[in-house]
Each structure stands twice: as structure tokens, then as C-alpha cells.
Asks: 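Next up is a structure, given as C-alpha cells.
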Number of protein chains: 2
Amino acid sequence: MTLAQTSTDFTSCSDCNIRYRAVCATCDTDELRRLEDIKYYRTFDAGQPIMFEGDDMNFVASVVSGAARLSRTLPDGRLQMLGLLLPSDFIGRPGRDTVTYDVEAIQKVTLCCFRRKPFEDLVATTPHIGQRLLAMSLDELDVAREWMMLLGRKTAREKITCLLSLIGRRTASLHLQPIADGLSFEMPMSREAMGDYLGLTIETVSRQMTALRKDGVIELEGSRIITIPDLAVLMAETGDDADGGMLA
Amino acid sequence: MTLAQTSTDFTSCSDCNIRYRAVCATCDTDELRRLEDIKYYRTFDAGQPIMFEGDDMNFVASVVSGAARLSRTLPDGRLQMLGLLLPSDFIGRPGRDTVTYDVEAIQKVTLCCFRRKPFEDLVATTPHIGQRLLAMSLDELDVAREWMMLLGRKTAREKITCLLSLIGRRTASLHLQPIADGLSFEMPMSREAMGDYLGLTIETVSRQMTALRKDGVIELEGSRIITIPDLAVLMAETGDDADGGMLA
DNA sequence: CGTTACGTTGACTCCCGTCAAGATCCGTGG
DNA sequence: CCACGGATCTTGACGGGAGTCAACGTAACG
């Protein structure tokens with residue numbers, strides 16, 4: 001068992017798979033060179049903590065590959081997942097020096113890290129990074145509020161179908177597959193992680209998955225491989241407008 | 001009944017009560033002058049819609065006084081409040097041209113408005129505005145995630161006590177009163193609005209308020225005036241760390 | 001007054017959490 | 001190859017917390 005590693009590998013920013021989606025997306029060559037000067041890579045295995053709530057925030061980072069999650073835990077142990085971090089997502093907050101959520105790898109994850117102070121200097125002096133960070137923060141805010149609607153007002157079945165639709169569509173677009181009936185994908189998270197994300201217990205998640213299977217809304221191969229025979233049927237179960245989810 | 005009004009009054013930015021908290025907080029005199037050139041005031045009465053989801057976003061604005069709310073409604077009518085907008089909070093999103101939530105006045109509210117396009121030009125050319133907007137967006141993101149924890153994992157009683165603690169502390173600090181036992185304040189929202197914010201029905205809100213009164217956690221004078229005889233008792237009911245809520 | 005919005009309370013239902021027992025999968029080692 | 005143990009997932013029984021439906025107070029306002 002190894003702890004987090006600081007990689008000796010070095011990928012040029014121009015060859016990076018998140019070059020045009022991450023915080024550096026709109027940087028010109030000069031700005032990119034300045035970022036490149038201060039970046040370093042770290043990897044974490046699935047299940048490893050990346051930051052703890054209350055820690056000093058020594059670095060900020062972009063997710064290059066894999067997946068991580070943000071969560072917070074109440075004193076009595078109740079846990080709520082607050083965000084899912086996928087390639088190109090940004091971890092950390094310039095201008096704040098302690099971490100406000102737990103961050104944990106849920107798959108093997110590689111981060112492109114920047115020590116916080118030099119990065120903050122860059123934000124202050126290179127307008128493109130600040131602008132990009134603003135746009136990304138506003139996107140995250142939309143996602144968080146969408147999730148508030150789900151957590152506050154949706155039923156267990158609606159929560160599950162929303163998550164399946166989300167993961168299915170994102171996985172398809174990541175692999176450049178069409179979003180159409182018969183869509184099949186692997187769920188990247190355990191039943192427990194699904195519950196943590198949706199504000200449900202593991203038993204309720206499992207029961208709803210079984211119910212959806214029996215109702216023909218989904219097909220299961222093992223517990224992780226999911227096929228959607230009819231997307232419209234799935235979308236009709238999410239509680240959202242039928243067309244709202246079909247776009248994009 | 002009047003609709004929203006474009007005020008003929010004009011308050012100089014240097015005299016504005018949100019001068020050092022709003023999006024203009026860190027502007028220098030030149031930047032402030034450019035903002036002043038394009039601003040105009042509008043007021044809305046309690047209950048009036050300010051923007052509808054799906055509308056063109058013609059303007060962005062700062063709340064100068066009063067209160068508004070962000071909400072979204074599912075096709076079948078279920079509603080979730082997604083944000084509470086108080087003086088100095090910002091409405092709208094540069095870079096997006098349609099509104100993504102309903103915005104409604106919950107008290108008589110005055111907005112300092114900027115047409116979107118000129119404002120976006122300012123964001124692109126005056127670094128202080130963009131930086132301030134970033135900091136404010138990140139604060140909002142923290143608030144939204146705090147609320148996700150509440151909506152996903154807290155009981156009705158915990159949700160209510162969290163809200164009472166939030167409103168009580170903010171009202172006290174607004175009026176420069178000490179946050180101490182015996183704190184008394186007026187609830188600025190109806191039972192229905194509380195339910196919309198907390199993901200509860202109006203009946204559950206009402207029952208929990210009665211239970212808290214019977215248990216001596218709060219005292220009620222009418223339905224809106226609330227006194228907290230012992231803050232520590234209230235905080236112990238929120239589900240958070242006892243100290244977490246006492247700071248700030 | 002009557003009207004209307006707002007708030008409280010009661011009776012009942014049901015969804016989801018809790019507790020518990022199995023089932024299934026998988027890697028390890030004899 | 002099979003046995004074992006642990007993690008993950010499923011299923012059942014049961015209870016409670018919050019939603020629903022309905023009636024009744026209460027306050028504000030014409």
C-alpha cells in the first residue's frame with residue numbers, strides 16, 4: 001500500500017487531455033508557461049483522502065484523470081457528498097487558507113497541483129485564469145443548486161433515476177458515444193457512494209435499483225453495468241421536464 | 001398595484017450602504033465611475049417576480065435593500081428555494097444569456113441594476129470587479145453546499161433550528177446587537193417560505209415550531225417574533241458541532 | 001362585520017430508515 | 001481446485017418521521 005505519490009513524470013501542458021477544459025483552458029502561451037513552471041503531479045488510489053476539512057490548504061489542483069469527491073460529515077457521523085470531481089474539475093479555493101470539505105479519491109486519481117501562494121499570485125496577475133475560474137465556479141454553483149432541488153424535493157426513485165441519467169449521459173459523451181436508447185455504461189460508484197450523494201441509505205438505493213429493474217426501466221448486468229432500453233422512460237421518472245434532460 | 005419601477009432617485013456610489021460589501025467593494029474611483037455611468041435603480045414589492053427561469057437575462061444587479069429569493073419549480077409544482085438574496089448579494093451571471101432560476105422579491109427590494117452587456121465588458125476590462133465576483137461566487141458555493149448537507153441529511157427539527165440560528169445571528173449582526181442568550185428577532189419569512197427553503201411542508205414547519213416552543217428552546221410572540229432564551233440549547237439541536245455555529 | 005391569507009392541530013398514510021439475515025462476488029491461500 | 005473470509009449487495013420485517021387531507025383558529029384589512 002503506497003501513500004500519495006509525487007510523480008516524476010512530466011506531461012507538457014500542450015499535450016494535456018484537459019488543456020481546453022480546465023482552469024488553464026483560456027490561457028495564452030505565456031500564461032501557460034507560468035503555470036507549467038509551478039505545477040507538479042500527484043496520484044491517489046481509490047479510497048485515499050486528499051484533503052481533510054480543517055487542514056491548511058497548501059495546494060490547489062486540477063483533476064487530470066480519475067474521480068474524487070467532496071463531502072462533509074456531521075458530528076454524529078451522518079455524511080453527505082457535496083460534489084463529484086471529474087477530469088478538468090478544480091480543487092481548492094484561492095483566497096482561503098483552510099479546507100472546508102473532506103476531499104477523497106473514489107477512483108485512482110491524478111492531480112495537476114499548484115502550491116497555493118504562487119497560484120494566487122498568478123490569479124491576481126493573469127486575467128485569463130481568474131476569468132476561467134469565475135466561469136467554472138458559476139457552473140459549480142449551478143450544479144450545487146440543481147442538487148439542492150434533488151435533495152430537498154425529490155423522491156428516492158427520482159433521485160436514483162436522476163443520477164443514472166447524469167452518469168449515463170456523461171459517460172457516453174466522454175467516450176463519444178451517442179446518447180440513445182440501449183445506452184450502456186458502468187456505474188463508477190458503489191451503492192454506498194450513491195446513497196451518500198443522494199441523501200439516501202444503502203438499502204433504499206438497492207431497493208430502488210431492484211424496483212427499476214423489475215419495472216423494465218433499467219437492465220442490470222452484475223450490480224454496476226447498466227443498460228437503459230428506453231431513455232424517455234428513464235427521463236419520465238426523474239421528475240424533471242422530459243425535454244430538460246434530453247438537451248445537451 | 002404598481003409593477004416594478006425604475007427609480008428616478010440617484011444615490012452616489014460613495015454614499016451607498018453596500019459600497020464595501022457588494023460586487024463594487026474593491027473598485028477604485030475610476031472603476032466606480034464606470035459602474036456609476038451604467039447603473040440604474042429598480043424596486044419591487046414583496047411577492048413580485050424579478051426574473052423567470054428561461055427569460056433573457058437583460059440585466060444583472062446588486063441587492064441594495066430588502067430581500068429576494070432564488071427558486072426552481074418541478075413540472076408538478078414542487079418548489080425548492082435555492083438561495084436567499086440580501087443586501088450586497090449579486091443577481092445574475094455574466095456570460096450566460098438566459099435566467100436559470102426564478103427570482104422573486106420576498107420583501108420590498110431595491111436593486112442596483114446594470115445592463116448585462118456593458119457590465120460584461122466591465123468585468124473583462126476591470127480586474128477588481130472580476131476578482132470580487134469570483135470571491136462572492138465562491139462564498140455562495142459554500143453556502144449552497146452547507147445547504148445541501150442540511151437538505152440531504154438533517155431532520156425536520158434540525159433544519160428548523162439551523163434556520164432560526166442563521167436568521168437570528170444575521171439579524172443581530174445587521175443591527176449591531178450582541179449574539180447572546182435572550183436574543184430576539186423577527187422572522188422575515190412566512191411558514192411557507194421556511195418550508196420552501198428547508199424542503200419541508202408548511203404543516204411540518206408549524207408542528208416543529210410548536211414542539212420547540214413547548215420544549216423551551218424558543219419563545220414565540222405571535223408567529224414571527226422569536227426569542228432564544230439559551231443559545232447553546234438551540235445550537236445543540238442543529239446537529240452541527242456546538243462550536244461550529246458559535247463562531248463568527 | 002365578512003373576507004382572505006396565514007398558521008395550528010388532528011387523523012391517517014406511506015415512504016424511507018433501521019435492524020437483521022442472507023446472497024453474491026472476489027481475492028487469497030491451503 | 002476448493003475453502004475461507006471479507007466486502008458488497010439484496011431482501012425482509014418493522015417502526016417512525018414527515019407528507020397528505022381536512023378542519024379549525026387567528027390576524028389583518030376592507
Side-chain angles (χ1 to χ4, degrees), chain A residues 1 45-48 74 76-80 106-107 150-164 186-215 218-226 237 239, chain B residues 1 45-48 74 76-80 104 106-108 150-164 186-215 218-226 237 239:
Chain A
M1 169 69 80
D45 287 332
Q48 281 192 318
L74 295 178
D76 67 0
R78 280 172 288 174
L79 183 147
Q80 176 65 48
I106 56 177
Q107 293 178 0
L150 176 143
L151 292 171
R153 294 300 190 187
K154 288 191 175 175
T155 65
R157 174 180 268 237
E158 288 169 337
K159 287 176 175 179
I160 298 279
T161 49
C162 281
L163 182 61
L164 294 178
E186 178 176 358
M187 205 62 196
M189 60 207 323
S190 68
R191 295 289 186 266
E192 181 177 22
M194 291 172 69
D196 290 343
Y197 205 9
L198 299 171
L200 297 171
T201 61
I202 185 174
E203 296 94 331
T204 299
V205 171
S206 186
R207 270 187 262 270
Q208 292 297 336
M209 292 292 287
T210 302
L212 289 170
R213 180 176 53 73
K214 286 184 176 166
D215 293 347
I218 63 173
E219 291 161 13
L220 283 172
E221 190 179 326
S223 63
R224 299 284 188 104
I225 308 290
I226 295 170
E237 298 274 2
Chain B
M1 170 68 80
D45 287 331
Q48 282 191 318
L74 294 178
D76 67 0
R78 280 172 288 174
L79 182 148
Q80 176 65 50
E104 184 181 311
I106 55 176
Q107 294 178 0
K108 180 170 182 176
L150 176 143
L151 292 171
R153 293 301 189 187
K154 289 190 175 176
T155 65
R157 174 179 267 238
E158 289 169 338
K159 287 176 175 179
I160 299 279
T161 49
C162 281
L163 181 61
L164 294 179
E186 178 176 355
M187 205 63 196
M189 59 205 326
S190 67
R191 295 290 186 265
E192 181 176 23
M194 292 172 68
D196 291 342
Y197 204 8
L198 299 172
L200 297 171
T201 61
I202 184 173
E203 294 95 331
T204 298
V205 172
S206 186
R207 271 188 262 269
Q208 293 296 336
M209 291 292 286
T210 302
L212 289 169
R213 180 175 54 73
K214 286 183 177 165
D215 293 346
I218 62 173
E219 291 161 12
L220 284 171
E221 189 180 327
S223 64
R224 299 285 188 103
I225 308 289
I226 294 170
E237 298 274 4

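Quick caveat: nothing in here was measured; it's all calculated off a predicted structure. Residue numbers begin at 1 in each chain, while the letters A, B, ... track the order of the sequences.
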Asks: Measuring only between side-chain heavy atoms, which start at C-beta, is Met187(B) closer than 4.5 Å to Met194(B)?
Replies: yes
Asks: Any side-chain heavy atom of Leu164(B) sitting closer than 4.5 Å to one from Glu237(B)?
Replies: no
Asks: Let me check I have this right: for DNA chain D, each base becomes ., (, ), [, ] or |, based on Watson-Crick or G-U pairs with both distances under 3.5 Å. What is the full string?
Replies: ||||||||||||||||||||||||||||||
Asks: Within residues 186-200 of chain B, which residues have any heavy atom lying less than 4.0 Å from an atom of DNA chain D?
Replies: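 Going residue by residue through residues 186-200 of chain B, the ones with a heavy atom under 4.0 Å of DNA chain D turn out to be Gly199(B), Leu200(B).
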Asks: Assign Arg224(B) to base, sugar-phosphate, or nothing according to its heavy-atom contacts below 4.0 angstrom with the strands shown.
Replies: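 Sugar-phosphate only.
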Asks: Dump the pairs, protein N or O against N or O of nucleotides 11-14 of chain D, anything under 3.5 Å, distances to one decimal.
Replies:
{"from": "dT11(D)", "atom 1": "OP2", "to": "Thr210(A)", "atom 2": "OG1", "distance (Å)": "2.6"}
{"from": "dG12(D)", "atom 1": "N7", "to": "Arg207(A)", "atom 2": "NH1", "distance (Å)": "2.9"}
{"from": "dG12(D)", "atom 1": "O6", "to": "Arg207(A)", "atom 2": "NH2", "distance (Å)": "3.4"}

Asks: Could you state the atom-to-atom distance from CD1 of Ile225(B) to P of dC6(C) in whole Å?
Replies: 17 Å
Asks: Does Glu104(B) have any side chain to side chain contact (heavy atoms under 4.5 Å, CB included) partners at least two apart in sequence or in another chain, and if so, which?
Replies: Arg69(B)
Asks: Is it the case that over 12 heavy atoms from other parts of the model lie below 6.0 angstrom from the CD atom of Gln107(A)?
Replies: yes
Asks: Between the main-chain N or O of Ser223(A) and the side-chain N or O of Arg191(A), is there a donor-acceptor pair closer than 3.5 Å?
Replies: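 Between the backbone of Ser223(A) and the side chain of Arg191(A) there is a qualifying donor-acceptor contact (under 3.5 Å).
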Asks: Over all heavy atoms of both residues, which pair between Leu151(A) and Gly199(A) is shortest? Give the atoms and the distance, please.
Replies: CD2-N, 4.0 Å
Asks: Mind listing the side-chain donor-acceptor pairs of residues 200-207 of chain B below 3.5 Å, one per line with the distance, residues two or more places apart or on another chain?
Replies:
{"from": "Thr201(B)", "atom 1": "OG1", "to": "Thr204(B)", "atom 2": "N", "distance (Å)": "3.3"}
{"from": "Thr201(B)", "atom 1": "OG1", "to": "Thr204(B)", "atom 2": "OG1", "distance (Å)": "3.1"}

Asks: Determine whether Arg224(A) and Ser190(A) make a side-chain contact, defined as any pair of heavy atoms from C-beta on separated by less than 4.5 Å.
Replies: yes
Asks: Would you check if Leu163(B) and Met189(B) make a side-chain contact, meaning some heavy-atom pair closer than 4.5 Å?
Replies: yes
Asks: What integer distance in Å separates Gln208(B):CD from dA18(D):P?
Replies: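 Atom-to-atom, Gln208(B) to dA18(D), this comes out as 6 Å.
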Asks: Whole angstrom is fine here: how far is it from CG in Leu220(B) over to P in dT26(D)?
Replies: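 Rounded to whole Å, this separation is 15 Å.
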Asks: Hey, are the side chains of Ile226(A) and Leu220(A) touching, using non-hydrogen atoms and a 4.5 Å cut-off?
Replies: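 Touching, per the 4.5 Å side-chain cut-off.
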Asks: Rounded to whole angstrom units, what separation is found between the CZ atom of Arg78(B) and the C1' atom of dC15(C)?
Replies: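 For the pair Arg78(B) CZ and dC15(C) C1', the rounded distance is 13 Å.
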Asks: Do Lys154(A) and Leu74(B) have side chains that get closer than 4.5 Å, going by heavy atoms?
Replies: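 A side-chain contact exists here, since the closest heavy-atom pair is under 4.5 Å.
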Asks: So if I take residues 151-159 of chain A and measure heavy-atom distances to DNA chain C, which residues fall below 4.0 Å?
Replies: Thr155(A), Ala156(A)
Asks: Can you check the Ile160(B) CD1 to dG7(C) C1' distance for me, whole Å?
Replies: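 Distance check: Ile160(B) CD1 to dG7(C) C1' gives 13 Å.
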Asks: Ignoring hydrogens and geometry, is there a side-chain-to-backbone donor-acceptor pair from Arg153(B) to Gln80(A) under 3.5 Å?
Replies: no
Asks: How about Met209(A) and Ile218(A): do any of their side-chain heavy atoms sit closer than 4.5 Å?
Replies: yes
